[in-house]
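Everything on this sheet refers to the single structure shown next.
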Number of protein chains: 2
Amino acid sequence: MSESAGAPARRGRPGYDQETVLRRAIALFNERGYDATSVADLARDLGISKSAVFHHVSSKEDLLAAALDEALDGLSAAIDAAAEHAEDDATAYQRLRATVEESVRILAAHLPAVTLLLRVRGNSPVEQDALRRRRVIDEKLAVLVREAVAAGDLRADLDPEVISRLLFGTVNSLVEWYRPGGPITPDRLAAAVTAMTFDGLTSTVAEVRGAPATSLEAPAAGAPDPT
Amino acid sequence: MSESAGAPARRGRPGYDQETVLRRAIALFNERGYDATSVADLARDLGISKSAVFHHVSSKEDLLAAALDEALDGLSAAIDAAAEHAEDDATAYQRLRATVEESVRILAAHLPAVTLLLRVRGNSPVEQDALRRRRVIDEKLAVLVREAVAAGDLRADLDPEVISRLLFGTVNSLVEWYRPGGPITPDRLAAAVTAMTFDGLTSTVAEVRGAPATSLEAPAAGAPDPT
DNA sequence: CCTACCGATCGGTAGG
DNA sequence: CCTACCGATCGGTAGG
């Protein structure tokens with residue numbers, strides 16, 4: 001299954017393309033961990049020899065770097081897209097809430113790559129570079145949180161730094177259980193995350209407050225925000 | 001630093017005890033990952049030979065098993081402690097909220113071991129056993145959530161299963177950034193987590209509602225819930 | 001607690 | 001001469 005994606009008719013053996021090798025590599029890295037996955041494991045999974053893997057990719061670490069770039073590029077775009085809304089009359093609170101939802105959608109759309117990113121510990125220059133890019137993203141989000149707190153739209157009895165950590169810890173924790181293709185669409189997941197983090201799980205006043213018009217049980221059919 | 005903890009005077013070289021070796025092993029496993037940490041790395045860190053490590057511990061995996069047991073025993077105790085409060089007239093909502101706070105305190109008290117637990121992927125029988133024990137704990141918490149939703153105390157527009165995942169995903173994500181000994185005490189951290197997850201980050205009505213009497217800026221001196 | 005090793009496997013590469 | 005591989009093996013290192 002999943003051979004030669006999209007390429008026109010070629011001579012020689014069908015074989016795999018780089019993209020397919022990368023998808024399988026990311027899947028295996030997430031199942032067993034990057035270090036615990038050998039190139040031989042990947043070759044076995046693809047049904048080819050270990051040497052054949054190196055025909056497609058120059059090193060195991062290149063696979064990791066490609067996956068981390070995919071995740072970081074997506075997340076960076078999500079943040080910057082929300083920043084551009086600053087030209088509108090959107091408040092920091094509104095931009096923050098939109099950024100959280102967009103981050104969830106990116107996470108859902110690139111779940112394997114984002115999962116890998118969130119497990120990186122800085123064991124190599126490639127991983128350390130990814131951690132640096134993550135910190136830049138986190139800092140942009142922290143700025144939004146500070147603005148929203150300063151504007152009085154987020155509770156002032158919690159340190160803005162703690163709010164940032166809790167908020168994006170919650171988003172990041174989704175990779176541990178969310179699986180696309182199941183009963184929960186990415187849009188509903190995004191709405192559920194912001195419902196809990198901004199409005200809280202306690203029921204009583206949930207409907208009374210200024211919660212967005214998104215019905216969580218039956219989301220709007222016409223998908224919002226076509227990024 | 002940190003040699004022979006508590007043991008009486010011994011003959012022979014001072015050396016390390018099993019507990020110290022375990023603490024350093026857990027720290028290294030968390031820094032670089034279990035698979036990426038060799039026994040030689042641990043030996044180097046302790047300043048002894050690789051063989052000397054095997055004098056204290058029979059295998060690398062035994063160190064992992066001991067760490068996972070510590071985390072699982074603590075978390076299980078936290079859950080069962082909350083269940084015993086059922087004899088009181090406490091509602092499911094109140095017991096759930098207390099369980100979340102106690103889980104945060106356990107996480108803070110056994111942060112390295114819990115961190116390791118949350119990174120386990122089931123690569124070996126030891127890891128698979130830990131995952132099984134985790135699922136048992138998660139299910140007990142899911143029962144509490146379902147009861148609280150059924151009682152009408154948690155918002156009904158979110159699937160109880162999703163609520164459970166979000167709630168404990170948030171708690172688990174603390175291992176990624178919380179560091180004991182810093183400005184945030186475990187009690188304040190626990191209060192911050194329940195403040196966001198149950199009451200929400202939005203400021204306006206936070207004080208109006210039935211939030212507990214815990215002041216997050218200056219927590220009650222007499223620590224609540226002396227488990 | 002060390003030196004000296006083992007069976008095996010690691011990521012990566014040779015020629016064809 | 002190409003793409004797509006194979007069987008075998010490189011120098012080092014893993015847990016034990």
Side-chain angles (χ1 to χ4, degrees), chain A residues 1-26 28-29 31-68 116 123-127, chain B residues 2-5 7 9-22 24-26 28-29 31-67 116 120 123-127:
Chain A
M1 58 190 109
S2 68
E3 288 190 331
S4 69
R10 291 183 298 196
R11 283 167 297 182
R13 302 203 199 180
Y16 294 103
D17 56 9
Q18 286 186 43
E19 185 62 23
T20 303
V21 173
L22 177 59
R23 290 307 130 197
R24 288 308 309 156
I26 294 175
L28 289 179
F29 292 165
E31 282 171 26
R32 321 177 196 186
Y34 175 75
D35 289 293
T37 304
S38 68
V39 177
D41 290 332
L42 176 57
R44 201 176 307 118
D45 180 272
L46 291 166
I48 60 179
S49 73
K50 198 170 63 159
S51 300
V53 172
F54 287 107
H55 170 75
H56 294 292
V57 55
S58 60
S59 76
K60 182 188 174 187
E61 201 164 33
D62 273 9
L63 288 168
L64 179 63
L68 298 180
L116 204 52
N123 286 352
S124 65
V126 164
E127 297 192 2
Chain B
S2 68
E3 288 191 332
S4 70
R10 292 183 297 194
R11 283 167 298 181
R13 302 205 198 178
Y16 294 102
D17 56 10
Q18 286 185 41
E19 185 62 22
T20 304
V21 173
L22 177 60
R24 287 309 308 156
I26 294 175
L28 289 180
F29 292 163
E31 282 171 26
R32 318 178 199 186
Y34 175 74
D35 289 294
T37 305
S38 69
V39 177
D41 290 332
L42 176 57
R44 201 176 307 116
D45 180 273
L46 291 166
I48 61 179
S49 72
K50 197 169 63 161
S51 302
V53 172
F54 287 106
H55 170 75
H56 293 294
V57 55
S58 60
S59 75
K60 183 188 176 188
E61 201 164 35
D62 273 10
L63 287 168
L64 179 62
L116 203 51
V120 155
N123 286 352
S124 65
V126 164
E127 296 192 3

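In what follows, every chain begins at residue 1, and chains take the letters A, B, ... in the order their sequences are listed. Everything numeric in this text was worked out from a predicted model, so none of it was measured.
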Between [atom2] of [N] and [atom1] of [X], the distance in whole Å:
X         : N       : atom1 : atom2 : value
Leu46(B)  : dC2(C)  : CG    : P     : 11 Å
Arg44(B)  : dC1(C)  : CZ    : P     : 17 Å
Ile48(A)  : dC6(D)  : CD1   : P     : 7 Å
Leu64(B)  : dG16(D) : CG    : C1'   : 17 Å
Asn123(B) : dG15(D) : CG    : P     : 14 Å

Original post:
So, is His56(A) close to the dT3(D) phosphate, meaning a side-chain N or O under 4.0 Å from OP1 or OP2?
Top reply: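 No.
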Could you work out the separation of [N] and [M] based on their [atom1] atoms and round it to a whole Å?
N       : M       : atom1 : answer
dA4(C)  : dG16(D) : C1'   : 13 Å
dA8(C)  : dG12(D) : P     : 22 Å
dC10(D) : dC10(C) : C1'   : 12 Å

**OP:** May I ask you to say what Ser59(A) touches in the nucleic acid, namely base, sugar-phosphate or nothing, with a heavy-atom cut-off under 4.0 Å?
**Re:**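 The answer is sugar-phosphate, as Ser59(A) gets under 4.0 Å only of primed atoms, P, OP1 or OP2.
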Subject >> side-chain contact (heavy atoms from CB on, under 4.5 Å) involving Ala52(A) - partner list, sequence neighbours excluded >> reply: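 For Ala52(A), the residues satisfying side-chain contact (heavy atoms from CB on, under 4.5 Å) (neighbours in sequence not counted) are Ile48(A), Ser49(A).
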**OP:** Could I get the full list of side-chain contact (heavy atoms from CB on, under 4.5 Å) partners for Val57(B), not counting sequence neighbours?
**Re:**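 With sequence neighbours excluded, Val57(B) shows a side-chain contact (heavy atoms from CB on, under 4.5 Å) to Val53(B), Asp62(B), Leu63(B), given in chain and number order.
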**OP:** Determine which pairs satisfy salt bridge (Lys or Arg N to Asp or Glu O under 4.0 Å) with at least one residue from residues 48-58 of chain A, sequence neighbours left out, and list them in order.
**Re:**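 Non-adjacent pairs meeting salt bridge (Lys or Arg N to Asp or Glu O under 4.0 Å): zero.
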**OP:** Could you name each residue pair satisfying salt bridge (Lys or Arg N to Asp or Glu O under 4.0 Å) that touches residues 37-49 of chain A, not counting sequence neighbours?
**Re:**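 For residues 37-49 of chain A: Arg24(A)-Asp45(A), Arg32(A)-Asp41(A), Asp41(A)-Arg44(A).
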With sequence neighbours excluded, what pairs up with [X] under the side-chain hydrogen bond (donor to acceptor under 3.5 Å, both in side chains) test?
X        : result
Ser51(B) : none
Glu31(A) : none
Gln18(A) : none

**OP:** Please list every stem that involves DNA chain C, where a stem is a run of 3 or more consecutive Watson-Crick or G-U wobble pairs with both pairing distances under 3.5 Å.
**Re:**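 Looking at DNA chain C, no stem of three or more consecutive pairs is formed.
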Subject >> Residue from Thr20(A), Ile26(A), Val21(A) passing side-chain contact (heavy atoms from CB on, under 4.5 Å) with Arg23(A) >> reply: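 Result for side-chain contact (heavy atoms from CB on, under 4.5 Å) with Arg23(A): Ile26(A).
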Subject >> Lys NZ or Arg CZ of Lys60(B) over Phe54(B) ring: under 6.0 Å, within 45° >> reply: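 That pair does not qualify as a cation-pi contact.
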Original post:
Which comes earlier along DNA chain C counting from the 5' end, the contact point of Asp41(A) or that of Phe54(A), where each point is its nearest nucleotide?
Top reply: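 The residue whose closest nucleotide sits nearer the 5' end is Asp41(A).
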Protein-nucleotides 8-12 of chain D N/O pairs under 3.5 Å:
{"unit_1": "dA8(D)", "atom_1": "N6", "unit_2": "Ser51(A)", "atom_2": "OG", "d": "3.4"}

**OP:** Ignoring the backbone of Ser49(B), work out which of dC2(C), dA4(D), dG15(D) is nearest its side chain.
**Re:**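 Closest nucleotide to the Ser49(B) side chain: dC2(C).
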